[in-house]
Undergrad: 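Take this structure first; my questions come after.
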Amino acid sequence: NGSNRCSPEDERADEAYNTMSMGDKGYFNSYARYGIHHDMLSDTVRTEGYRRFLLNNPSLIKDKVVLDIGCGTGILSMMAARAGARHVIG
């Protein structure tokens, strides 16, 4: 219908954003750049550390429901699924 109305979820997100401090806004806005995700994925020490932890601790992951908060690229969600998580929410 050509309407530009936002969903209630979008309106709540806008309200929350508008109440943030400038420092918080800067922090969250920094993740809007694609480059930051490239930098994190390119950090092999960090990424491999997470992978090793997930794969070497199957009792913490196998058949569990995993919630990946702030999943960004989804790399940790994929690692949790590979490590045997029953369900991954990301």
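From a predicted model like this one, the values you see are computed outputs, not experimental measurements.
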Undergrad: Can you confirm whether Val65 sits close enough to Ile89 that some side-chain heavy atom of one is under 4.5 Å from a side-chain heavy atom of the other?
TA: yes
Undergrad: Calculate, to the nearest 0.5 Å, the distance between atoms CD1 and CE belonging to Ile75 and Met40 respectively.
TA: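 Output value for this atom pair is 11.0 Å.
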Undergrad: Measuring from Arg51:CZ to Leu76:CG, what's the distance to the nearest 0.5 Å?
TA: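 Here the rounded value is 12.5 Å.
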Undergrad: Donor-acceptor check, side chain of Asp24 to backbone of Met20, threshold 3.5 angstrom: yes or no?
TA: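 No, the answer is negative, given that no donor and acceptor are paired below the 3.5 Å cut-off.
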Undergrad: Answer whether the closest heavy-atom distance between the side chains of Thr19 and Glu15 falls below 4.5 Å.
TA: no
Undergrad: Distance-only, no hydrogens or angles: does the Lys64 side chain make a donor-acceptor pair with backbone N or O of Gly84 under 3.5 Å?
TA: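 No, because the side chain of Lys64 does not come within donor-acceptor range (under 3.5 Å) of the backbone of Gly84.
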Undergrad: Rounded to the nearest 0.5 Å, what separates atom CE in Met79 from atom CZ in Phe53?
TA: 13.0 Å
Undergrad: Applying the 4.5 Å side-chain criterion to the ILVMFWY set and letting contacts propagate, would Tyr17 and Tyr31 be lumped into a single cluster?
TA: yes
Undergrad: Give a yes or no on whether the backbone of Gly72 and the side-chain of His37 come within a donor-acceptor separation of less than 3.5 Å.
TA: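 Here the side-chain-to-backbone pair does not exist.
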Undergrad: For residues Ala85 and Val66, report the shortest heavy-atom separation together with the two atoms involved.
TA: CB-CG2, 3.7 Å
Undergrad: How long is the span from the CG atom in Leu41 to the OG1 atom in Thr47, to the nearest 0.5 Å?
TA: 6.0 Å
Undergrad: Side chains of Asp39 and Tyr34 only: does a donor on one sit below 3.5 Å from an acceptor on the other?
TA: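 Side chains of Asp39 and Tyr34: no pair found under 3.5 Å.
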Undergrad: Of Leu54, Ile61, Leu60, which is the lone residue that meets side-chain contact (heavy atoms from CB on, under 4.5 Å) with Asn57?
TA: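 Answer after filtering Leu54, Ile61, Leu60: Leu60.
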Undergrad: Quick one: does Asp68's side chain have a donor or acceptor within less than 3.5 Å of a partner on Ser77's backbone?
TA: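 Looks like yes, one N/O pair under 3.5 Å.
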Undergrad: How far does OG1 of Thr44 sit from CZ of Arg46, to the nearest 0.5 angstrom?
TA: 11.0 Å
Undergrad: Nearest 0.5 angstrom please: Met22 CE to Asn29 CG, how far?
TA: 8.5 Å
